[in-house]
Protein chains: 2
Amino acid sequence: MVTTEEILAAAQRHLNVDPRASMAVLASAAGVGRATLHRHFASRDALLHELGTRSLDRWEASLDAADPESVEGAADSGDAARITACLQEMFARFLADSDDFGFALTDSYLTSADDLLARSDALVDRETHLYAAAQRAGVLRDDVPTRWLGHAVYGLLVAARDAIRDGDVARRDLDALVMSTFLDGAGPR
Amino acid sequence: MVTTEEILAAAQRHLNVDPRASMAVLASAAGVGRATLHRHFASRDALLHELGTRSLDRWEASLDAADPESVEGAADSGDAARITACLQEMFARFLADSDDFGFALTDSYLTSADDLLARSDALVDRETHLYAAAQRAGVLRDDVPTRWLGHAVYGLLVAARDAIRDGDVARRDLDALVMSTFLDGAGPR
DNA sequence: CCAATCTGAGACAATAATGTCTCACAGAGA
DNA sequence: TCTCTGTGAGACATTATTGTCTCAGATTGG
């Protein structure tokens with residue numbers, strides 16, 4: 001028996017490649033009849049909305065894991081090592097999510113529903129606060145807009161997903177690679 | 001009168017937001033009747049294919065501008081400054097393309113047609129050679145896979161597009177910001 | 001003014017997708 | 001064996017999309 005989770009995973013995987021995939025295609029991609037797919041999700045919109053919700057849930061959990069409140073405290077006390085560890089943890093979770101959940105942060109079904117969009121904005125704000133704290137603590141450079149850091153992280157996540165997809169980077173190296181590229185860049189050591 | 005170029009630009013802009021946009025939507029997005037849209041592009045596939053071709057043309061032109069052959073030569077002679085300038089030029093062109101053309105590098109209509117996919121692969125290889133030369137010349141770190149550098153650049157282009165879209169970075173600062181983030185990272189200066 | 005050209009609106013048939021439904025059937029458990 | 005639940009296949013009406021076509025009106029250029 002195919003679980004709802006498996007259907008969602010298959011759907012996301014497939015929608016990443018072909019955003020126009022129909023319910024019939026999504027059903028067979030999940031190894032399930034079209035009727036069964038409709039038993040899990042009344043409509044295509046419902047499926048997309050659930051996919052968006054799951055993505056935001058993961059994102060939120062990753063932010064929780066980074067524990068922004070304690071980061072704020074650490075920023076005040078200048079505990080750079082603590083903040084670096086938080087960032088590392090958060091990145092690792094982002095990467096893990098993009099692993100087994102696909103990668104839906106900016107995908108189209110996120111920007112379609114207002115409630116998802118609002119939630120997404122709120123999470124962006126939370127994450128931005130974290131980067132701002134990191135800047136104050138001297139962990140991240142403060143000569144660039146704080147929000148740029150968030151975009152750069154997102155971009156590196158895209159890079160990580162693509163690199164794994166193409167087999168250009170081993171999964172076990174990915175966390176360190178992303179963190180190192182983010183902090184140190186690609187210039188000579 | 002609306003030119004084919006304007007139609008393509010509008011279509012790309014719209015498809016970036018909603019990949020499922022119908023011909024009717026694309027037509028009105030371009031401020032044009034549906035019949036007129038079909039006069040420019042016989043089918044939806046034809047439109048998508050043209051969009052993909054244009055993207056690859058731009059990409060190729062940017063690679064040409066970076067003049068990889070001379071980069072190869074510079075790598076051998078260790079002319080780091082020359083290579084850095086090539087990278088800078090190429091990035092600037094990439095960013096300019098994402099400006100007025102949208103941003104279609106990995107979009108779905110690229111991966112659908114075999115000829116576009118093959119061309120894309122060839123361009124990836126060319127670009128990879130450039131990064132490899134940069135690594136040999138000591139302009140880019142050589143402790144990471146060469147292909148990772150390409151993915152990282154692409155990710156930063158995504159970041160740049162999003163940052164501009166959200167108004168988080170001024171356009172005039174973008175080139176330097178992307179270059180600096182790529183080479184130096186986001187860690188403290 | 002006039003002709004040639006291009007346009008948008010919309011009719012049209014063909015096709016694809018959606019959502020609902022029924023039904024036969026397989027497997028699990030009593 | 002006998003339910004019982006869930007499944008896949010597929011029929012079905014509805015709607016959306018596609019691609020083609022015609023036609024009246026606007027624009028352009030002579």
Euclidean distance, atom [atom1] of residue [X] to atom [atom2] of [N] [Å, nearest integer]:
X	N	atom1	atom2	result
B/Leu37	D/dT18	CG	P	10 Å
A/His38	D/dA11	NE2	P	17 Å
B/Leu26	D/dG19	CG	P	12 Å
B/Arg44	D/dT17	CZ	P	10 Å

Under 3.5 Å, side chain of [X] to main-chain N/O of [Y], donor-acceptor pair present?
X	Y	result
A/Asp166	A/Asp168	no
B/Thr36	B/Val32	no
A/Glu60	A/Arg119	no

Practice task
Could you tell me whether A/Arg141 and A/Asp143 make a salt bridge, using a distance below 4.0 angstrom between a side-chain N and a carboxylate O?
Solution key: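 Looking at A/Arg141 and A/Asp143, the cut-off is met.
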Problem - Lys/Arg N to Asp/Glu carboxylate O, B/Asp64 vs B/Arg126, below 4.0 Å - result: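 So B/Asp64 pairs with B/Arg126 through a salt bridge.
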Exercise for the section: Compare all side-chain heavy atoms of B/Leu157 with those of B/Ser98 and state whether any distance is below 4.5 angstrom. Expected result: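 A side-chain contact is absent here, since even the closest heavy-atom pair is not under 4.5 Å.
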Problem - Members of residues 28-36 of chain A that approach DNA chain C, where some heavy atom sits under 4.0 Å away - result: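 Going residue by residue through residues 28-36 of chain A, the ones with a heavy atom under 4.0 Å of DNA chain C turn out to be A/Arg34, A/Ala35.
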Exercise for the section: Give the first and the last nucleotide of DNA chain C, reading 5' to 3', that has any atom under 4.0 Å from a heavy atom of chain B. Expected result: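 Contact boundaries, 5' end first: C/dT7 to C/dT18.
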Problem - Check: A/Trp148/B/Thr181 side-chain N/O donor and acceptor closer than 3.5 Å - result: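 Yes, B/Thr181 and A/Trp148 have a side-chain donor paired with an acceptor closer than 3.5 Å.
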Practice task
By nearest nucleotide on DNA chain D, pick out whichever of B/Ala21 and A/His40 is the more 5' one.
Solution key: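 So the residue in question is A/His40.
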Handout entry: 5' priority, DNA chain C, between B/Arg20 and B/Met1 [closest heavy atom]
Key =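 Looking at the nearest nucleotide for each, B/Met1 comes out on the 5' side.
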Handout entry: Aromatic ring pairing B/Phe182/B/Tyr131, orientation class (parallel under 30°, perpendicular over 60°, tilted between)
Key =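 Tilted, since the angle between the ring planes falls between 30° and 60°.
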